Amino acid sequence: MKSVSILGSTGSIGEQALEVARRHNIAVRAVAANSSVDKLEQQVREFAPKYACVYEESRYTDLKTRLADTDTTVLCGMDGLCEIAASGCAEILLNSVVGMVGLKPTLTAISAGIPIALANKETLVAGGSLVMDAAKEKNLPIYPVDSEHSAIFQCLQGNDRSQLRKIILTASGGPFFGKTKADLRDVTVEQALNHPNWSMGSKITIDSSTLMNKGLEFIEAKWLFDLTPDQIEVVVHRQSVVHSAVEYDDCSVIAQMGVPDMKIPIQYALLYPNRLECPTKPLSLTDYGMLTFEKPDLDTFDCLRTCMHAMELGGAAPAIANGANEAAVAAFLDRKISFLQIGELVAAAVEQIPNRQLDCYETVLAADSEARAFVAEQIAR
């Protein structure tokens, strides 16, 4: 029996991870969420973890009162997330929180020698060099949970890594594939949240609609697989069946395919290298009939172009792009800005905020803070 601690246990990835845990008798040692006290209480009563953490500190007393009759230790805030990450209570830490909040717990777990299943892409986008250098120093594995990075990870198994030519990172194209900027001028929050293939949280779904999600994954792939930007090709694949592929020096292309269901990469990360029965629908290629692949529109979806540019700039530029995007998406969801302003604000932040060398965690925080302040100032004008 394996054991796992889950940061972000009430989100889409976290709840699907718990479904995998139920099926394969994986012990859940810790659960953590932003503010969902009701769900956290239900999870504690089902899985009896050692720790439960609510990030929003104002919910701490409520959760502690609800769980007073259990043996679970209740924690809160960033300190609580990091205590779980450092505790060593589980064999693997699944980090599926959303946003920059995931970086410090990731670094903490690495420092404690805990293997990580990583679904928090902002960790590598904002602090990629810090995270990968720390993991390398500890000789610690980071198992990707994003379907695309899991696919690449799977396609690399059993092959000589030095013979890799490039990776092909697939994108669904989101709900607005084929649209022009003129078409997107009056996009509503509800329209942007209507993803054609995947069921995800609101922030990630908006990122998918702007293709920012693919931009973040572009940066994440560079760090996970030690690639140069020109070794990463982004291809729009509307059916989300080919989750990504790897091309080798002999021009062979190996792809990983499956129905669009996050339980597959979640389970692979938690149970690696074992492949056990997964509670999902088998892939039938004849049901799909046709798979299509097209180039992304970098003019309309400028978030993707900005992320590619930020990766080329290096340093704190990816952290600036990520922080600006988090702030802009939150403003869009609050109906304070238009859909197209998300990409405009992210691009402006990368261009106008001075770049710097990414030398420590505090530098990442400073870049993130500057980006958020920049967006807030632009919106207030």
Side-chain angles (χ1 to χ4, degrees), residues 1-9 11-31 43 46-50 84-85 87-96 106 109-110 112-121 123-124 131-132 135-136 138-161 164 167 170 198 217 220-221 224-225 240-246 248 254-285:
M1 181 174 69
K2 295 192 73 169
S3 57
V4 63
S5 293
I6 303 176
L7 306 185
S9 61
S12 175
I13 297 295
E15 290 192 321
Q16 291 179 84
L18 291 173
E19 186 177 343
V20 171
R22 289 186 192 98
R23 176 171 289 264
H24 295 298
N25 200 30
I26 300 172
V28 179
R29 303 298 190 199
V31 291
Q43 291 172 357
E46 177 180 358
F47 293 98
K50 183 176 181 180
I84 289 172
S87 68
C89 63
E91 294 171 73
I92 191 168
L93 176 77
L94 170 60
N95 187 347
S96 62
T106 298
I110 292 172
I114 310 299
I116 297 168
L118 189 61
N120 171 247
K121 57 176 60 65
T123 284
L124 289 179
V131 172
M132 298 311 294
K136 185 176 181 180
K138 287 278 188 177
N139 194 27
L140 201 66
I142 296 180
Y143 300 111
V145 172
D146 274 347
S147 61
E148 295 83 358
H149 300 100
S150 174
I152 295 162
F153 179 65
Q154 293 181 57
C155 292
L156 290 172
Q157 300 305 304
N159 292 288
D160 187 338
R161 174 65 177 75
L164 179 147
I167 66 170
T170 57
W198 296 95
E217 289 172 2
E220 186 181 8
L224 275 173
F225 306 111
S240 296
V241 169
V242 176
H243 298 302
S244 278
V246 170
Y248 289 94
I254 298 178
Q256 187 268 332
M257 299 189 292
V259 296
D261 189 327
M262 282 304 299
K263 288 188 289 293
I264 298 173
I266 291 169
Q267 179 171 300
Y268 191 71
L270 294 182
L271 297 178
Y272 176 83
N274 297 312
R275 294 184 182 273
L276 305 181
E277 180 187 358
C278 186
T280 190
K281 180 183 177 182
L283 172 64
S284 170
L285 289 174

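Model, not experiment: these values are computed from the prediction.
For S87 (side chain) and I84 (main-chain N/O), a donor-acceptor pair under 3.5 Å exists by modelled atom type. When atom types are taken as modelled, the side chain of S96 and the backbone of G8 share a donor-acceptor pair closer than 3.5 angstrom. Here the side chain of N25 pairs no donor or acceptor atom with the backbone of A21 at under 3.5 angstrom. When atom types are taken as modelled, the side chain of T170 and the backbone of V242 share a donor-acceptor pair closer than 3.5 angstrom.
At a cut-off of 3.5 Å, with distance as the only test, a side-chain donor of Q267 or H24 sits close to an acceptor on the other residue. No side-chain donor from either of Q256 and Y268 sits under 3.5 Å from a side-chain acceptor of the other.
Note on ring orientation: taking the six-membered ring where Trp is involved, the planes of F153 and Y143 are perpendicular (angle over 60°, cut-offs 30° and 60°).
Between C278 and I264, the closest side-chain pair of non-hydrogen atoms falls below 4.5 Å. Looking at S244 and H149, their side chains never come closer than 4.5 Å, going by heavy atoms from C-beta outward. The shortest distance between side-chain heavy atoms of Q16 and D261 falls below 4.5 Å. Within the 4.5 Å cutoff, no side-chain heavy atoms of V145 are placed close to those of L118. Inter-residue side-chain proximity for E277 and R23 is flagged as met; some heavy-atom pair is nearer than 4.5 Å. Side chains of M262 and S12 form no contact here, defined as non-hydrogen atoms less than 4.5 Å apart. Put simply, the side chain of E91 does not reach to within 4.5 Å of the side chain of V4, judged on heavy atoms. Annotation: side chain of I116 is not in contact with side chain of I92 (no heavy-atom distance under 4.5 Å).
R275 pairs by the salt bridge (Lys or Arg N to Asp or Glu O under 4.0 Å) definition with nothing, not counting sequence neighbours. Considering only residues two or more places apart in sequence or on other chains, L156 meets the side-chain contact (heavy atoms from CB on, under 4.5 Å) condition with I152, R161, L164, F225, V246, Y248.
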Could you walk me through whether I6 and L18 pass side-chain contact (heavy atoms from CB on, under 4.5 Å), step by step?
CA-CA 9 Å; I6 303 176; L18 291 173; 3.6 Å; yes

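Within a 6.0 Å radius of CG in D160, more than 12 heavy atoms belonging to other residues, nucleotides or ligands are found. Within 6.0 Å of the NZ atom in K50, the count of heavy atoms belonging to other residues, nucleotides or ligands does not exceed 12.
Closest approach of Y272 to K2, counting heavy atoms only: O-NZ, 4.2 Å. Residues P260 and H243 approach most closely at CA-CE1, 4.1 Å, considering heavy atoms. Shown here for A269 and A117, the closest heavy-atom pair between the two residues is CB-CB, 4.0 Å. A pairwise comparison of heavy atoms in A119 and D146 identifies O-OD1, 4.2 Å as the closest pair. The shortest heavy-atom contact between I114 and A90 is CG2-O, 4.3 Å. When all heavy atoms of Q43 and P49 are compared, the closest pair comes out as O-CD, 4.3 Å.
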